[in-house]
Amino acid sequence: MGLSASPAAPGAAAAAAFTILSQLCGAAFLYVLLKADGSWQVMGLLALLGVGFFLLERFPGIGEFITASLTRVPLVTAATAAIIVLGFPFVVGSNTYILHLLIVAQLYAVLALALNFQLGSANIPNFATGASYGIGAYVSALLALNFGMSFWLTLPIAALAATLFGFIIGIPSMRTRDTYLALVTIAFGVVVQQLLNNFDWTGGPNGLVGIPAPSLFGHSFASPLQVFGWKLPSQANFYYLAAALVVVAVVTAQRLHGSRIGLAWNALRADEIAAKAQGINVAWYKVLAFAVDAFLAAFAGTIYAFYVSYISPDNFTFLVSVTIMTMVIVGGMDNIFGVIVGAFLLTILPEKLRAFSDYRLLFFGVVVIGFLMIRPQGLFPQRLRQYGVHR
Amino acid sequence: MTELFVQQSVNWITLGSIYALLAIGFSLIFGVLNVIHFSHGDVAMTAPFIALALVQALAVALGASGPVWLVLATIAAVIAVGLIGAVLDKVVIRRFREAPAMMALVATVALGIVIRELIRHLYPQGSNPHAFPRLVSGVAFEITGVSVSWFALLVVGLTTLLVALLFVFLRLTPLGLRIRAASEDRVVARMMGIRDGRVFRATFFIASAIGAIAGLLFASYAGVTRFDFGVMAGLLGFSAAVIGGLGSMPGAIAGGLIIAGIEVLAQTFVPDGASYRLVFVFILVIVVLVFRPAGLLGRTIMEKV
């Protein structure tokens with residue numbers, strides 16, 4: 001019924017129904033994937049996902065239809081998404097492991113969105129997102145441990161510190177490019193990680209322990225969350241906090257994408273010299289991309305530090321930056337939705353591959369390589385900017 | 001003071017030669033395929049494991065052990081790793097030739113994970129460090145009270161020989177000419193009847209075999225090998241190639257010597273320098289690239305409009 005309508009313009013009611021249905025299907029898939037254990041179940045779900053993307057690839061009309069319906073009724077889309085996100089912990093119930101996975105996935109989604117400003121929008125490689133993440137985590141943790149500052153106060157300070165770091169990496173980016181720039185960012189990442197590993201006041205390789213849980217209006221995040229008689233485990237606090245951060249990141253990303261800044265970044269990606277000739281301040285927009293990335297990454301780092309209450313330099317290595325980069329590339333560069341999907345998949349997948357116990361990293365590597373070969377444009381490739389009244 | 005100086009100079013040249021050999025592989029592959037092969041370090045570090053496995057297999061099968069067999073096993077390992085490189089090129093890396101640079105980088109990082117995990121699973125107790133014998137032992141000569149080992153001489157001699165051979169190969173043989181042509185302009189090279197597939201295969205074989213020699217020398221230098229040595233070896237070799245200027249052989253050698261130099265300097269003169277050595281190395285990398293954005297000996301890229 002829905003499919004028989006013209007893909008370009010589904011009716012409002014059909015679009016609303018389809019929107020709700022497709023989002024519920026997505027949420028159900030996520031839930032089943034999170035619940036699945038045992039290698040056959042995981043393999044089956046992966047195969048299902050593969051078939052789904054194969055169909056998308058073969059019949060691009062399906063994808064167009066979905067996007068058309070989603071954008072036709074933006075309010076319904078947003079409301080359904082909000083209800084799903086708010087309701088998920090109630091469905092999960094007391095399963096703290098699933099909640100933990102979701103929190104980590106959301107934090108990675110924020111990191112991937114942060115990196116997407118550079119890698120996706122402006123095609124600037126950055127292997128220092130892990131370092132910005134680490135700076136955010138360490139600055140806030142040190143402030144909380146040494147000066148007893150509250151979480152809410154450390155959050156902006158950590159973000160400012162990381163943004164400053166972003167500017168510092170951004171400056172050499174004005175001179176180098178491509179592979180050389182990639183190495184500069186790798187070098188910054190390694191230097192930060194090694195310094196954290198060696199300084200006494202950062203706890204050295206042992207890291208920082210006992211970061212206090214934040215509290216809001218007298219409610220400590222370490223205690224269970226009570227909502228209308230429902231009792232949710234304490235992780236639910238952080239789940240909602242992380243979800244709020246994802247919303248902030250998505251809104252930021254969307255606003256920037258639609259603004260002159262987003263356009264300037266896209267122009268940089270298309271052709272730097274042409275962009276310069278158009279009067280775009282190339283150097284400034286490059287540095288800005290680094291700063292925005294570091295700013296958002298620091299938020300994620302702060303929440304991570306207060307959530308696990310223990311951080312060590314091992315959480316912020318070069319491989320973490322590569323993982324974030326993989327999420328952006330696998331999800332689809334410059335596509336906000338795709339990047340979030342990439343982050344969720346690549347966070348949950350290695351955990352689910354625990355069914356293969358010792359072989360999970362091997363599987364993970366093979367899956368990533370296979371992915372890049374089969375669908376190099378990412379799960380959800382970037383779309384052309386659409387202008388006009390209803391398109 | 002002179003004693004310390006001579007001692008550290010010997011260390012520097014030994015380590016620098018090993019890094020230079022790794023960097024040459026990166027540079028060679030980048031020059032021809034325009035792809036950063038980030039798992040090159042991991043490929044190189046499979047060599048010590050293959051050599052160890054061969055030595056043990058030989059000891060069990062023939063009851064033979066001794067320096068001769070060790071040398072034979074290392075040579076076999078070098079050839080095996082060269083073939084591994086050629087296969088990886090065919091199966092994985094070549095497919096990312098036309099892709100955006102970052103995609104190739106991420107794919108080869110993932111490939112590095114796969115290689116490390118394969119070593120860990122295929123080699124008995126692969127997660128543990130394994131002792132690796134010195135390829136040659138003994139003291140060659142003494143100057144100012146410092147003994148210079150045969151091993152240091154072997155490393156420097158082998159590196160010089162390999163660089164000379166590579167130079168002759170690239171300059172004077174038909175295959176070398178084809179490799180240079182393909183790295184200059186792949187499309188025109190194809191039009192001239194050069195089969196680029198063969199060129200890639202040859203390049204990967206040579207680069208991986210040279211990397212394998214570096215890996216064997218490194219394991220022998222450290223006296224131990226681990227499945228995850230490839231990460232740092234790759235990072236340092238890549239850095240050496242980049243600060244020297246990707247695609248430039250003299251640059252790769254200079255880069256290797258510079259990286260090893262800063263490492264040795266940090267360890268010798270800075271208190272607690274050993275734990276900060278990577279900080280110094282990578283700060284140097286940043287400084288070099290800020291002042292020479294295309295590396296020390298790299299060709300400055302003029303972008304055509």
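Throughout, a chain's letter reflects where its sequence line sits, starting with A, and its residues are numbered from 1.
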Measuring heavy-atom distances to chain B, does [X] have an atom under 4.5 Å in its side chain, in its backbone, in both, or in neither?
| X | answer |
| --- | --- |
| A/Leu181 | neither |
| A/Val366 | both |
| A/Phe199 | both |

Within the distance-only criterion (no hydrogens, no angle test), does the side chain of A/Tyr180 pair as donor or acceptor with the backbone N or O of B/Ile243 below 3.5 angstrom?
-> no
Relative to chain A, which segment of [X] carries a heavy atom at a distance below 4.5 Å: side chain, backbone, both, or neither?
| X | value |
| --- | --- |
| B/Leu246 | both |
| B/Leu118 | both |
| B/Val109 | side chain |
| B/Val91 | backbone |
| B/Phe291 | backbone |

Against chain B, residues from residues 112-126 of chain A with at least one heavy atom under 4.5 Å, in numeric order, are A/Leu119, A/Pro125
Can you check whether anything in residues 321-335 of chain A gets within less than 4.5 Å of chain B, heavy-atom wise, and list it by number?
-> A/Val322, A/Met325, A/Thr326, A/Ile329
Non-hydrogen atoms of B/Val92 and A/Met373 that approach each other most closely = CA-CE, 3.7 Å
When rounded to the nearest 0.5 angstrom, what is the spacing between [atom1] in [X] and [atom2] in [Y]?
| X | Y | atom1 | atom2 | answer |
| --- | --- | --- | --- | --- |
| B/Phe282 | A/Gln193 | CZ | CD | 10.5 Å |
| A/Ile186 | B/Phe238 | CD1 | CZ | 5.0 Å |
| B/Asn34 | A/Thr179 | CG | OG1 | 7.5 Å |

Taking C-beta and beyond as the side chain, do B/Val285 and A/Leu183 meet within less than 4.5 Å on heavy atoms?
-> yes
Measure the shortest side-chain to side-chain distance between B/Arg116 and A/Leu362 over non-hydrogen atoms and say whether it is less than 4.5 angstrom.
-> no
Look at A/Leu195, A/Ile369, A/Val184, A/Asn198 and state which one has the largest set of heavy-atom pairs under 4.5 Å with chain B.
-> A/Asn198
Among A/Phe364, A/Phe318, A/Phe371, the residue with the most heavy-atom pairs under 4.5 Å to chain B is A/Phe318
Looking at B/Ile36, B/Ile113, B/Val242, B/Val231, which has the largest count of heavy-atom pairs under 4.5 Å with chain A?
-> B/Val242
Of all pairs that satisfy side-chain hydrogen bond (donor to acceptor under 3.5 Å, both in side chains), the ones with a partner from residues 90-113 of chain B, not counting sequence neighbours | B/Asp89-B/Arg94, B/Glu98-B/Arg186
What residues form a salt bridge (charged side-chain N to carboxylate O under 4.0 Å, His left out) with A/Asp314, not counting sequence neighbours?
-> none
